[in-house]
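What follows is a single structure, written as structure tokens, with notes after it.
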Amino acid sequence: MVTAAPGEDRSTALALVNTWRLMAGGQVDDLGSPEGAASWLRLPAVDAGELGRLRDLRTAVRELLGALAAERTPSPDAVEAVNTAARADAAAPQLAWREGPERSWHSTRPGSFDAAVAALARDAIEVVSGELGPLVRPCEAHGCVRYYLREHARRRWCSTTCGDRVRAARHQRLVVEQREGSR
């Protein structure tokens with residue numbers, strides 16, 4: 001089991017992007033099959049066409065987060081893909097009254113694939129255009145392709161595993177340099 005990157009608990013779109021990653025054993029894709037996608041989405045089933053749509057959305061959201069982190073404009077195709085996915089399911093406002101009025105949005109087709117995809121896309125839009133946007137960062141560990149929310153100024157990696165790898169590589173370089181310097 002992979003440790004969630006900082007921020008995945010606050011953004012399903014960030015968690016979606018991180019369903020594809022590079023590990024010591026190679027590439028890992030939690031959306032590698034319809035069964036994997038259904039499990040990740042917590043739906044009874046996902047068909048091959050829906051799997052393709054979900055993977056396309058992941059690619060588009062990855063482009064948005066990468067553009068945001070690099071302070072560049074994302075591809076228009078990625079923006080359109082996320083906007084299209086956000087419209088896949090209608091949402092209606094719901095009112096709750098606890099200590100005052102509270103508004104939330106709920107799917108008109110809860111539990112459907114379209115509702116799940118639309119919620120992911122809407123979260124991506126909220127992340128890149130909202131208060132979390134400036135916190136999105138790519139992991140700085142060599143070979144890591146995950147994103148995280150940098151909520152601490154000193155954080156540079158998506159996990160302690162990546163941080164340990166970077167520190168171990170740095171230590172190994174110093175050992176080699178010391179050996180070569182003593183010759």
Side-chain angles (χ1 to χ4, degrees), residues 1-42 51-52 54-79 81-82 85 116-117 119-183:
M1 186 74 176
V2 167
T3 303
E8 284 186 21
D9 60 332
R10 295 174 63 191
S11 169
T12 55
L14 184 66
L16 172 67
V17 166
N18 290 337
T19 59
W20 181 82
R21 59 198 173 278
L22 300 175
M23 303 290 286
Q27 180 177 305
V28 175
D29 187 353
D30 295 334
L31 308 179
S33 68
E35 297 78 21
S39 175
W40 190 82
L41 289 171
R42 296 184 179 105
L51 175 62
L54 183 60
R55 291 172 100 181
D56 289 347
L57 176 61
R58 176 178 63 187
T59 300
V61 174
R62 179 173 286 280
E63 165 63 13
L64 293 183
L65 296 183
L68 184 66
E71 298 180 353
R72 63 173 172 79
T73 302
S75 78
D77 290 341
V79 173
V82 169
V117 167
L120 288 165
R122 289 182 194 124
D123 184 66
I125 292 168
E126 182 63 32
V127 167
V128 299
S129 65
E131 65 185 35
L132 296 180
L135 303 176
V136 172
R137 294 287 184 274
C139 181
E140 293 181 20
H142 178 71
C144 186
V145 296
R146 292 175 55 177
Y147 285 85
Y148 68 98
L149 295 182
R150 183 177 177 195
E151 296 182 284
H152 187 281
R154 294 181 51 142
R155 181 175 279 282
R156 298 283 185 260
W157 309 293
C158 70
S159 66
T160 56
T161 302
C162 280
D164 291 345
R165 265 193 6 247
V166 169
R167 285 187 284 278
R170 184 182 323 134
H171 175 73
Q172 187 62 31
R173 274 194 315 273
L174 290 173
V175 169
V176 168
E177 288 171 6
Q178 286 175 350
R179 277 191 209 141
E180 291 174 353
S182 65
R183 289 185 184 168

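For Thr59, there are no side-chain hydrogen bond (donor to acceptor under 3.5 Å, both in side chains) partners, not counting sequence neighbours. Glu35 is linked by a side-chain contact (heavy atoms from CB on, under 4.5 Å) to Ser33, counting only residues two or more places apart in sequence or in another chain. Partners of Asp29 under the side-chain hydrogen bond (donor to acceptor under 3.5 Å, both in side chains) rule, at least two apart in sequence or in another chain, are Arg55, Arg58. Arg72 is linked by a side-chain hydrogen bond (donor to acceptor under 3.5 Å, both in side chains) to Glu63, counting only residues two or more places apart in sequence or in another chain. Listed by chain and number, the residues in a side-chain contact (heavy atoms from CB on, under 4.5 Å) with Ala37 are Leu31, Val46, Leu51, Leu54 (sequence neighbours excluded). In terms of the side-chain contact (heavy atoms from CB on, under 4.5 Å) criterion, residue partners of Ala121 (sequence neighbours excluded) are, by chain and number, Leu57, Val82, Ala85, Ala86. Qualifying side-chain hydrogen bond (donor to acceptor under 3.5 Å, both in side chains) partners for Arg165, counting only residues two or more places apart in sequence or in other chains: none. The side-chain contact (heavy atoms from CB on, under 4.5 Å) test applied to Leu132 returns Arg10, Val127, Leu135, Leu149, not counting sequence neighbours.
Contact record, Pro6 with Cys158: CD-O, 3.0 Å, taken as the closest heavy-atom pair. In terms of heavy atoms, Val136 sits closest to Ala69 at O-CB, 3.8 Å. A pairwise comparison of heavy atoms in Asn18 and Ala5 identifies ND2-CB, 3.7 Å as the closest pair. When all heavy atoms of Asp123 and Ser11 are compared, the closest pair comes out as OD2-OG, 2.6 Å.
Applying the salt bridge (charged side-chain N to carboxylate O under 4.0 Å, His left out) definition to pairs two or more places apart or across chains, those involving residues 15-24 are Arg21-Asp30. Among residue pairs with one or both ends in residues 126-145, none qualify as side-chain hydrogen bond (donor to acceptor under 3.5 Å, both in side chains); sequence neighbours excluded.
Side-chain contact check for Tyr147 versus Val145: every heavy-atom pair is 4.5 Å or farther apart.
Note that CG of Leu68 is 11.0 Å distant from OG1 of Thr73, once rounded to the nearest 0.5 Å. Distance check: Arg62 CZ to Leu16 CG gives 9.0 Å after rounding to the nearest 0.5 Å.
A donor-acceptor distance shorter than 3.5 angstrom exists from the side chain of Tyr148 to the backbone of Arg155, with no hydrogens or angles considered.
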